[in-house]
> 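Okay, here's the structure, questions in a sec.
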Amino acid sequence: MKAAIIGGGVIGGGWAARFLLNGWDVDIFDLDPEAERKIGEVLSNARQALPHLYDKALPNEGKLSFKNSIATCVENADWVQESVPERLDLKLKVHEEINNFAPKTAFIGSSTSGFKPSEINQNGTRAFVAHPFNPVYLLPLVELVGAPQDSGLILESIGMFALNIRKEIDAHIADRLLEAVWREALWLVKDGIATTEEIDESIRMGFGLRWAQMGLFETYRIAGGEAGMKHFMAQFGPCLSLPWTKLMDVPEFDDALVNLIAEQSDAQSGSLSIRELERQRDSNLIGFMRHLKAQNWGAGKVIAQHEQKLHAKIGSIENKKITTGKGRVLPSWIDYNGHMTEYRYGQILADGVDELLIMAGLDLSDLSQGGSYFTVENHVNYLSEMKLGEEYHIEARIMAFDDKRLHVYQRVYTENGSCAASGEHMLLYVDAKTRKVGGAPKQIMEALNQFAAYHANIDIPNDAGKVGK
């Protein structure tokens with residue numbers, strides 16, 4: 001799959017990183033002579049950040065190329081994403097060129113934060129709005145306006161959340177909400193009520209934390225207590241008639257206001273470079289989103305769903321070699337010594353056993369009608385260090401089994417062919433209803449018998465324990 005990115009600024013660079021790190025080839029067109037350096041820095045941040053959200057390895061990174069024209073950039077593209085500056089005349093010109101040279105089957109999205117599809121397509125082009133949020137490589141939301149049905153499926157395949165907007169409207173949904181907060185914040189600074197730092201503190205120390213995981217209406221529903229949203233509306237609705245905000249009144253954007261805000265902002269965070277601020281932002285977002293993933297909630301639910309799709313089928317049998325796992329050592333697996341922490345060895349070996357059971361015909365997602373294997377004993381031999389980014393695969397063999405017991409031996413091999421660890425696992429088949437040891441189904445026994453036959457005449461590994469004990 002190939003993505004063509006037209007405009008390589010902050011948003012375009014983020015799009016490039018999102019596609020590239022999810023295995024797509026990416027071509028970029030940008031007239032800025034510094035584009036390669038700037039996008040390279042965004043990619044560097046993304047490579048450090050995005051893998052931290054997952055406990056499964058992302059696909060191998062795609063190929064990145066820079067093109068000298070829109071025509072060569074969009075050639076053979078499956079998805080074209082325009083992210084040029086927010087000027088309608090420029091977007092009209094760019095989309096006419098994209099329309100002339102992109103494949104008819106290509107999805108053509110615009111990152112516009114304000115224009116409607118009808119405005120962008122007034123000259124007969126076929127773009128839709130696909131408006132993301134910075135950093136694109138971490139935040140899942142994409143607002144879609146006038147988009148083809150299948151476009152959302154593609155965005156979900158790269159770990160994003162597609163929000164289809166029912167009717168086109170200036171600035172879509174999220175930016176209209178942000179604009180309201182932004183206008184009020186400008187007045188608070190101009191009127192001397194608060195500094196830029198104090199306003200930011202009021203958001204990040206309070207309602208920003210609520211919004212990050214529950215949004216606006218669900219937050220207010222809780223504020224209504226047991227009586228719910230009706231009680232909240234009755235209690236706080238009259239406040240809307242009070243002169244609390246100046247949403248329809250915009251302060252004059254004169255030099256004095258611009259300079260005041262710029263000075264306060266520089267004092268607030270000017271000691272850090274933009275790249276340092278980006279990395280701190282990414283680190284904070286990773287922490288929030290990994291916690292939300294553990295709760296299967298909000299933005300974390302999107303990551304969890306994407307993670308499940310990353311390796312839907314891992315197990316394979318080739319030349320009587322049973323592969324039960326493969327992947328890459330992830331950033332979240334590294335300890336203070338710079339190599340994979342010991343409990344992660346146990347995790348990938350346990351995942352390998354699960355994969356073996358799936359290959360044998362056990363449906364781990366639905367155990368209500370039958371039973372499952374419960375692990376009663378594990379042994380892990382740590383043979384060598386595994387470092388960040390190192391690829392590995394796991395090979396398994398059945399050491400012994402009957403209708404109640406299963407003894408599995410596995411080895412973890414690194415990309416250079418050396419054995420980094422071995423593991424032995426003793427499992428018992430347990431009836432899901434009685435919670436007692438029972439007999440495994442016939443079809444699973446037949447599969448295990450076939451697996452065992454692959455290695456029947458091979459010597460027992462030196463580091464394996466006593467078979468059947």
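Given the structure is predicted, the values throughout are model-derived calculations rather than measurements.
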> Does Lys293 pair with Glu307 as a salt bridge, N-O distance under 4.0 Å?
yes
> How long is the gap from CG on Leu362 to CD on Glu355, to the nearest 0.5 Å?
11.5 Å
> NZ of Lys326 to OG of Ser316: how many Å apart, nearest 0.5 Å?
5.5 Å
> Could you tell me whether Lys190 and Glu252 make a salt bridge, using a distance below 4.0 angstrom between a side-chain N and a carboxylate O?
no
> Would you list the atom pairs, donor with acceptor, under 3.5 Å between side chains in residues 220-238 and any protein atom, with sequence neighbours excluded?
unit_1: His231; atom_1: NE2; unit_2: Gln235; atom_2: OE1; d: 3.4

> What I'd like to find out is whether the side chain of Leu43 reaches to under 4.5 Å of the side chain of Leu64, using heavy atoms alone.
yes
> Ring pair (Phe, Tyr, Trp, His ring centres under 6.0 Å) for Phe288 and Trp211? Distances and angles first, verdict last.
CA-CA 12 Å; Phe288 295 155; Trp211 282 6; over 10 Å; no
> Salt-bridged, Arg275 to Glu41, with N to O below 4.0 Å?
yes
> At what distance, to the nearest 0.5 angstrom, does CG of Leu88 lie from CD1 of Ile120?
7.5 Å
> Under a 3.5 Å cutoff, is there a donor and acceptor pairing between the side chains of Gln280 and Asn284?
yes
> Please determine if Asp55 and Arg290 form a salt bridge, counting it only when a charged side-chain N lies under 4.0 Å from a carboxylate O.
yes
> Would you tabulate the side-chain donor-acceptor contacts of residues 257-266 under 3.5 Å, counting partners in other chains and residues two or more places apart, or write 'none'?
unit_1: Asn259; atom_1: ND2; unit_2: Asp255; atom_2: O; d: 3.1
unit_1: Gln264; atom_1: OE1; unit_2: Thr196; atom_2: N; d: 2.8

> Do the rings of Tyr429 and Tyr373 sit parallel, tilted or perpendicular, given the 30° and 60° boundaries?
perpendicular
> Could you grab the distance from atom OG of Ser202 to atom CZ of Phe207, nearest 0.5 Å is fine?
5.0 Å
> Output yes when Glu390 and Arg328 qualify as a salt bridge under the 4.0 Å nitrogen-oxygen rule, no when they do not.
no
> Got a sec, which residues hit ring-ring contact (aromatic ring centres under 6.0 Å, His included) with His52, two or more places apart in sequence or on another chain?
none
> Output all residues satisfying side chain to side chain contact (heavy atoms under 4.5 Å, CB included) with Ala174, sequence neighbours left out; order by chain, then residue number.
Phe133, Glu143
> For the pair Glu119 and Lys116, find out whether any cationic side-chain nitrogen is under 4.0 Å from an anionic carboxylate oxygen.
yes
> Taking only distance into account, with no hydrogens and no angle test, what donor-acceptor pairs under 3.5 Å do side-chain atoms of residues 6-32 form with protein atoms, sequence neighbours excluded?
unit_1: Trp15; atom_1: NE1; unit_2: Ser111; atom_2: OG; d: 3.0
unit_1: Arg18; atom_1: NE; unit_2: Val136; atom_2: O; d: 3.1
unit_1: Arg18; atom_1: NH1; unit_2: Ile158; atom_2: O; d: 3.0
unit_1: Arg18; atom_1: NH1; unit_2: Gly159; atom_2: O; d: 3.3
unit_1: Arg18; atom_1: NH2; unit_2: Val136; atom_2: O; d: 3.2
unit_1: Arg18; atom_1: NH2; unit_2: Tyr137; atom_2: O; d: 3.4
unit_1: Arg18; atom_1: NH2; unit_2: Leu138; atom_2: O; d: 3.4
unit_1: Arg18; atom_1: NH2; unit_2: Leu139; atom_2: O; d: 3.3
unit_1: Asn22; atom_1: OD1; unit_2: His306; atom_2: NE2; d: 3.3
unit_1: Asn22; atom_1: ND2; unit_2: Arg18; atom_2: O; d: 2.8
unit_1: Asn22; atom_1: ND2; unit_2: Ile158; atom_2: O; d: 3.3
unit_1: Asp25; atom_1: OD1; unit_2: Lys63; atom_2: N; d: 2.8
unit_1: Asp27; atom_1: OD2; unit_2: Lys2; atom_2: NZ; d: 2.9
unit_1: Asp30; atom_1: OD1; unit_2: Asp32; atom_2: N; d: 2.7
unit_1: Asp30; atom_1: OD2; unit_2: Gly8; atom_2: N; d: 2.5
unit_1: Asp32; atom_1: OD1; unit_2: Glu34; atom_2: N; d: 2.9
unit_1: Asp32; atom_1: OD2; unit_2: Lys38; atom_2: NZ; d: 2.8

> Quick one: salt bridge (charged side-chain N to carboxylate O under 4.0 Å, His left out) pairs with a partner in residues 172-188, sequence neighbours left out?
Glu179-Arg183
> Under a 3.5 Å threshold, yes or no: a donor from one side chain and an acceptor from the other, between Asn121 and Arg126?
no
> Can you give me the closest heavy-atom contact between Val74 and Pro103, atom names plus distance?
O-CD, 3.3 Å
> For a quick check under 3.5 Å, do Gln268 and Asp200 share a side-chain donor-acceptor pair by atom type?
yes
> For Arg37, I'd like to know if atom CZ has over 12 heavy atoms of other residues, nucleotides or ligands within 6.0 Å.
yes
> Does this structure show an ion pair linking Arg279 with Glu276, if we count only N-O contacts that are shorter than 4.0 Å?
no
> If you take all heavy atoms of Leu388 and Leu330, which pair is closest and at what distance?
CD1-C, 3.7 Å
> What are the two closest heavy atoms between Ala4 and Cys73, and how far apart are they?
CB-O, 3.4 Å
> Looking at Trp297 and Gln213, what are the two nearest heavy atoms and their distance?
NE1-O, 2.7 Å
> Where is the tightest heavy-atom contact between Ser151 and Pro148, given as atom of each residue plus distance?
OG-O, 2.6 Å
